[in-house]
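Before any comments, here is the structure.
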Amino acid sequence: MSYRIEELLITTLAPMLEGLEHVAVGAASPIPGAAALLARHRGGGRPRVSMLASRRHASFTDGARELFDCAAQGRIDAFFLGGGQIDGSANINLVGIDGYPASRVRFPGSFGSAFMYFVVPRVILFSLEHSRRVMVPRVDFVSAPGTSPSNVYRPGGPYALVTSRCVFRFDRDRGRFALASVHPGQTLEDIREQTGFDFDVPARIEQTPAPGAQDLVLIRGPVGKDISETYPDFARRVLELDAATA
Amino acid sequence: MSYRIEELLITTLAPMLEGLEHVAVGAASPIPGAAALLARHRGGGRPRVSMLASRRHASFTDGARELFDCAAQGRIDAFFLGGGQIDGSANINLVGIDGYPASRVRFPGSFGSAFMYFVVPRVILFSLEHSRRVMVPRVDFVSAPGTSPSNVYRPGGPYALVTSRCVFRFDRDRGRFALASVHPGQTLEDIREQTGFDFDVPARIEQTPAPGAQDLVLIRGPVGKDISETYPDFARRVLELDAATA
Amino acid sequence: MTNLETLVEAIHDGASVALAPDYSGCAMAAVRALVRRGARDLRLIAVPQAGFQADMLIGAGCVGSVEAAAITLGEYGFAPRFTDAVKNGRITLRDSTCPAIHAGLQAAEKGVPFMPLRGILGSDLLTHRDDWKVIENPFSPDDAIVALPAIRPDVALFHAASADRHGNVWIGVRRELMLMAHAAHRTLVTVETVVDDDLLADEARAAGTIPALYVSAIAEVREGAWPIGLAGRYPADAAHLAEYARLARTAAGFERYLDEHVRGRASAA
Amino acid sequence: MTNLETLVEAIHDGASVALAPDYSGCAMAAVRALVRRGARDLRLIAVPQAGFQADMLIGAGCVGSVEAAAITLGEYGFAPRFTDAVKNGRITLRDSTCPAIHAGLQAAEKGVPFMPLRGILGSDLLTHRDDWKVIENPFSPDDAIVALPAIRPDVALFHAASADRHGNVWIGVRRELMLMAHAAHRTLVTVETVVDDDLLADEARAAGTIPALYVSAIAEVREGAWPIGLAGRYPADAAHLAEYARLARTAAGFERYLDEHVRGRASAA
């Protein structure tokens, strides 16, 4: 079965969420959202999924602070973060490039990253763009650090970095990324070319598995139907599902 | 018009609440509650009255902590506290007599006194019993202190002590009570006899004014009707109002 | 959904258990089930005060310690079994003040180790709480403030009006129950009724709903607050509460009460 | 009840103003009224992020400083007038992170000078916030934690679905609006409709109601969130928002937008 890159990313992210109790997904995250819903479909209802942008899948009733309190209570096992810049120590920058406060390029801001990155055990960094513009040697502004000294309270941290080219796992002890798998059509050379930071490479390079037929049926069926409530554009454009028919 | 002691206490307390924005009344406080409602009737709707025990007059929607948060925000101008023991420095004891933790006489506990006494500008101590058992030289356990050193954050504190015998005003600078008025039928001698602490006495001793006819009409009319929702026993027994007819 | 006896099995001997005040959601049926089971060494946390629930558990010997701003039967008088246990040193006391208990639970809710709180300085409560600390306000010189450690109960136990089949629980304005659920490791709830629709899908009821995420187990128990009332549902059984207050004045009277209304009512809960 | 123009008169130049995020209760009509009035030097506090409201006020020159976890138009892209003002140093930035803003407001709600919060250590946010302090956890050695000062806005400004004639405001699950109201000195609210019954008397709606006690003034403004949507009432006007995002890319385009949709709509609000 042919598939799109978004579908590959969904089936790549979903296994990272399996066996967990509760996954939260921030706003404007259709691919992580679909991955969480796919993991839930495959897990027979587990993990529980809280999608902030969704009406149906947002179960918080204590205001905007509840997501963060809930994470601090240890009730959120996985969360997704992005970054205008990401470096090899898993530092992320959501603030701006070249100068502060008067940055040459200004991003929206750090959102909850400076907190969630510390308290959610499995933070998955996700970036569609994989270029030297994003994957930098050292971020210009640390919205949230990838690692912390041992005396800093930090049950959480980076778990993996998933891009349109490959999957990196993060080794918290070594504070470095290691290439875990390369997406179909990508080469190690390409990835090195497009990545501004150094990373570990295993002796044998794995390819990211293509989406299975069963997963594609789920994604284009019940998962797509579910996600189209929150992201109708995404469902229509990527999954070719109309809200009306989905 | 003849009146009961409870009615005298209501008309004595009410003027202490006039001109305020918001008065809160704790549970099991029919006389302070009626006084607050009388003040509101006389003030054309001011002060706002929050009666914790009432359904109609309890406007909190953020759980049991809201009363305290609201007071800390400076939104409660007056509150009532009692005490199993009260001393001449306005220290109050709601915990127990003779030993701690294994007290010989154990009261329920300090409730919110150790907080409200600090943050509500006008705390009125109220005690129906006025004897040496309650009005002691020094409380056995300080649930909440009457005064604090100048470097302690304390916008609130004791304003007056109203008993079945008299009214004391509290002088925060001197840390002492002064007799303000003596209820009809009581003498300075009686009060001295029944009070275990020393207090200031003015050159000319005022008598607590008897309830005016208009106030009695209000108390036995609209105020009684209002209070009977929360304290039907009190309304029936003291104000001779039946919930049915009130 | 589970049944009452299974629900309280999750409350192990020695567990810290947060209880609601008499004016909120009292799980009296669950308390009777705990007495029947012979629970031991419970560490009660009254949020922020407790009444009949605490007095009965203390009288039945289920309780090792009590953290509370007050234990009282309210208009029915002092809590007699509590008073007796205090006088005879049978329970460990952690006397507190209402907002300190709320603040400690809020610290647990926020995952912070402590919460600062105004007031308290100069109170003898502070003298007897070696787990409370006085620190300097870092934003202002010479300004001491009390730091209260987070209170994270093993179990929050309460009764509510309704739950749905997804495990969401409706508590209305009784928001201290939500704070308890957020703060506790596990939340056990008895409810009057289980409704068929989704509480979170109704915008009005959603605002007063604890999401299933925080709820470990639910048992449907009609009149689960009896003899306490449940606001908007049924009033307190005043005659029964007065009878309790009278009998509980003595150990023998209290045993008689248990025989008649707790141990004898196993099937009726 | 008052009208829109009178409502915003209570927001003085230089006031700190807490605003809701685009997914909550955006008072867009009130923002337009502020632009028309030519408000100056407002110190915006985004709770915890803001979108169109902030971008428009910044573009119109009403803003002196911004405290926010993010300013963004979400799916409509970066906030162009914000971005431009940052690049040119026209506003003072106080970059924050979502839970830090909530915690600061909760400190104000509780009347404490600060709130501790986990995380943040090692973030450059901390480097640039000299009003944030790192303290030692008094309950555990060698455990640094960030202390955030209370955020007490002069004004909380938001739009809600309904209010009653007593001044109670229904916000449903949008509880950040209640936190804003508790924390702020004054709370100004625009509502879709004024209902005739008492919101607090209805047990379902009471749970999602801010009591009048916290509300300084209310103006009834139909579609007061437009072009933002209001959950459960009306969706966002996507075409209009896209048009804003397009025009606001340049100063001239933004001026054209103001002329057409803000200054020209004085009577229609």
Task: Proximal component of B/V139, with respect to chain C [non-hydrogen, under 4.5 Å] - done: neither
- [ ] Might you point out which heavy atoms bring B/F118 and C/G119 nearest each other, and give the distance in Å?
- [x] CG-CA, 3.5 Å
Are there donor-acceptor pairs under 3.5 Å across chain B and chain C? List atom names and distances.
| residue | atom | partner | partner atom | Å |
| --- | --- | --- | --- | --- |
| B/A64 | N | C/E176 | OE1 | 2.7 |
| B/Y100 | OH | C/D95 | OD2 | 2.6 |
| B/R106 | NH1 | C/D95 | OD2 | 2.8 |
| B/R106 | NH2 | C/D95 | OD1 | 2.8 |
| B/R106 | NH2 | C/D95 | OD2 | 3.4 |
| B/P108 | O | C/I71 | N | 3.0 |
| B/S110 | N | C/A69 | O | 2.9 |
| B/F111 | N | C/A69 | O | 2.8 |
| B/F111 | O | C/T97 | OG1 | 2.6 |
| B/F111 | O | C/C98 | N | 3.0 |
| B/A114 | O | C/I120 | N | 2.8 |
| B/V142 | N | C/D124 | OD2 | 2.8 |
| B/V142 | O | C/S123 | OG | 3.3 |
| B/V142 | O | C/D124 | N | 2.7 |
| B/S143 | O | C/S123 | OG | 2.8 |
| B/N151 | ND2 | C/D142 | OD1 | 3.0 |

Open item on the list: Please classify the contact between B/A64 and chain C as side chain, backbone, both or neither, with a heavy-atom cut-off of under 4.5 Å.
Closed with: both
Open item on the list: Nearest 0.5 angstrom please: B/F141 CZ to C/L125 CG, how far?
Closed with: 4.5 Å
Open item on the list: Using every non-hydrogen atom in the two residues, find where B/P108 and C/F82 come nearest and quote the distance to one decimal.
Closed with: O-CE2, 4.1 Å
Task: Residue, of B/G63, B/G156, B/P101, that accumulates the most heavy atom pairs under 4.5 Å with chain C - done: B/G63
- [ ] Would you give the length of the straight line joining atom CZ of B/F115 to atom SG of C/C98, rounded to the nearest 0.5 angstrom?
- [x] 10.5 Å
